[in-house]
Amino acid sequence: MAPIRTYIFFGLNVVRVLSIVSLLLVFASSILVMVTDIEAVNAYDSAKQSGNSTSQAFVDCDYIENSTVPNQVGGVFWAIINRLFIIFQVITLILSELGWPAAFFDRFFPVLGTQFGPGALGTFQGLIGASVLAQHVDDFTLVAAFFLFVIGCLNMLLGLIFRESAKQRRSIKAWRAGPQDTLPTHLPPAANLNRSATSTSGQSYTSSTVYEEKGRDHAEFVDARSASRAGYGFGRQGEKAAGMKGFLISKPLESLPRYAARPTSVPSRSQSLAVDLEPRFQSSATAL
């Protein structure tokens, strides 16, 4: 059975392909609607100039016949601008789905970049689909807009589930690199092991010996502490117990730097007491 990572990768990429297909369909249908609107406006102007009763009946309509252009001041201009904006948005969303240029989106339009999930993309797709479905269009444009709206809702759902990790999970480069948090499942050849062991044997021997000695001393010290319930402290008993276990503490030799003056001889305490005990009086000439 394949890991769940595989199913997530293929599922997200299937939605990605469907999203690109729906955007391409809306792109084609927008161009088709724009051409149809221009033809309808030209037919409306020619019928208006003819002056017959049939053409006059369509002058008072809210929309020009067989088009999405409102019959008002500037209606043609805003209808064409609307289609051009939809085409521009569709091209931008297609580039975002393809992941190129990623640096441009990360800097100038981060919601469509690599640091955000497909939720924002689905929101834009839903808005475009709803704006097209709000008008009276032909069957092809109607199906394309409805398909885009459904894919937009699906992208919003995936954005809520996977958040910013969705684009990383569906990335082909990340899939080829494999999971980064797993241990290697194979060992290098024996020749490589021998070569690496020979090259590092001199470096690892000294370090391993030092670690083994430290570990052995630490284990002996822990055993000695666990064997006796009460510690010996830092007194004579502690020094004696440490000497029995082989832990000897040598007293450092007293030394002075070369530039230090040598200590002068100090009279001993017995000499100073003898000097102090001598009588400090003189006998008189008439004393017996």
Exercise for the section: Can you establish whether the number of heavy atoms outside F140 located under 6.0 Å from its atom CZ is more than 12? Expected result: yes
Handout entry: L158 side chain near R170 side chain, heavy-atom distance below 4.5 Å
Key = no
Problem - Same cluster (ILVMFWY, side-chain, under 4.5 Å), L24 and M34 - result: yes
Problem - Rounded distance (nearest 0.5 Å) linking atom CG of L121 with atom OG of S19 - result: 5.0 Å
Handout entry: Any side-chain heavy-atom pair of R16 and L12 under 4.5 Å
Key = no
Exercise for the section: Please round to the nearest 0.5 Å and tell me the distance separating atom CG of L148 and atom CZ of F27. Expected result: 14.0 Å
Handout entry: Smallest separation among heavy atoms of I87 and S30, with atom names
Key = CG1-CB, 3.8 Å
Exercise for the section: Give the other cluster members for M156, using side-chain heavy-atom distances under 4.5 Å between Ile, Leu, Val, Met, Phe, Trp and Tyr residues; answer none if it is isolated. Expected result: none
Exercise for the section: List the atom of K167, the atom of G113, and the distance in Å for their closest heavy-atom pair. Expected result: NZ-O, 2.9 Å
Completion exercise
Output for pair (T68 OG1, R83 CZ), nearest 0.5 Å, gives 4.5 Å
Practice task
May I ask whether I94 and I31 are part of the same hydrophobic cluster, defined by side-chain heavy atoms of I, L, V, M, F, W, Y residues being less than 4.5 angstrom apart, directly or through others?
Solution key: yes
Problem - Cluster check L95, I86: I/L/V/M/F/W/Y, side chain < 4.5 angstrom - result: yes
Problem - Side-chain (D37) to main-chain (V76) donor-acceptor, under 3.5 angstrom - result: no
Handout entry: Close side-chain approach of V69 and I38, heavy atoms under 4.5 Å
Key = no
Practice task
Consider only side-chain heavy atoms of I, L, V, M, F, W and Y, link residues closer than 4.5 Å, and tell whether L23 and L32 are in one cluster.
Solution key: no
Problem - Donor-acceptor contact present, side-chain S165 to main-chain F162, <3.5 Å - result: yes
Handout entry: Close side-chain approach of Q125 and P118, heavy atoms under 4.5 Å
Key = no
Handout entry: Distance in Å, F116 CZ paired with T114 OG1, rounded so as to fall on 0.5 Å steps
Key = 10.0 Å
Handout entry: Side chain proximity check, F85 to Q89, heavy atoms < 4.5 angstrom
Key = yes
Problem - Considering all heavy atoms, the nearest A40-I64 contact - result: O-CG2, 3.8 Å
Practice task
Any chance you could measure S29, atom OG, to L142, atom CG, to the nearest 0.5 Å?
Solution key: 10.0 Å
Fill in the blank from the handout: In terms of heavy-atom contacts, S22 and F147 come closest through CB-CD2, 3.7 Å
Exercise for the section: Count the heavy atoms of every other residue, nucleotide or ligand shown that sit under 6.0 Å from CG of D62, and state whether that count exceeds 12. Expected result: no
Practice task
Would you check if F109 and V111 make a side-chain contact, meaning some heavy-atom pair closer than 4.5 Å?
Solution key: yes
Fill in the blank from the handout: dist L133:CG -> I128:CD1 (nearest 0.5 Å) comes out at 12.0 Å
Problem - Side-chain donor-acceptor contact under 3.5 Å, T36 with N66 - result: no
Handout entry: Heavy-atom neighbours of F149 CZ exceed 12 at 6.0 Å
Key = no
Problem - All salt bridge (charged side-chain N to carboxylate O under 4.0 Å, His left out) counterparts of R169, not counting sequence neighbours - result: none
Practice task
Considering non-hydrogen atoms only, spot the tightest contact between L25 and A144 and give its length.
Solution key: CB-CB, 3.8 Å
Handout entry: Heavy-atom side-chain contact between N71 and Y44 under 4.5 Å
Key = yes
Exercise for the section: Please answer: with hydrophobic residues joined when any side-chain heavy atoms are less than 4.5 Å apart, are V143 and V26 in the same cluster? Expected result: no
Problem - Crowding at CD, Q168 (>12 non-hydrogen neighbours, <6.0 Å) - result: no
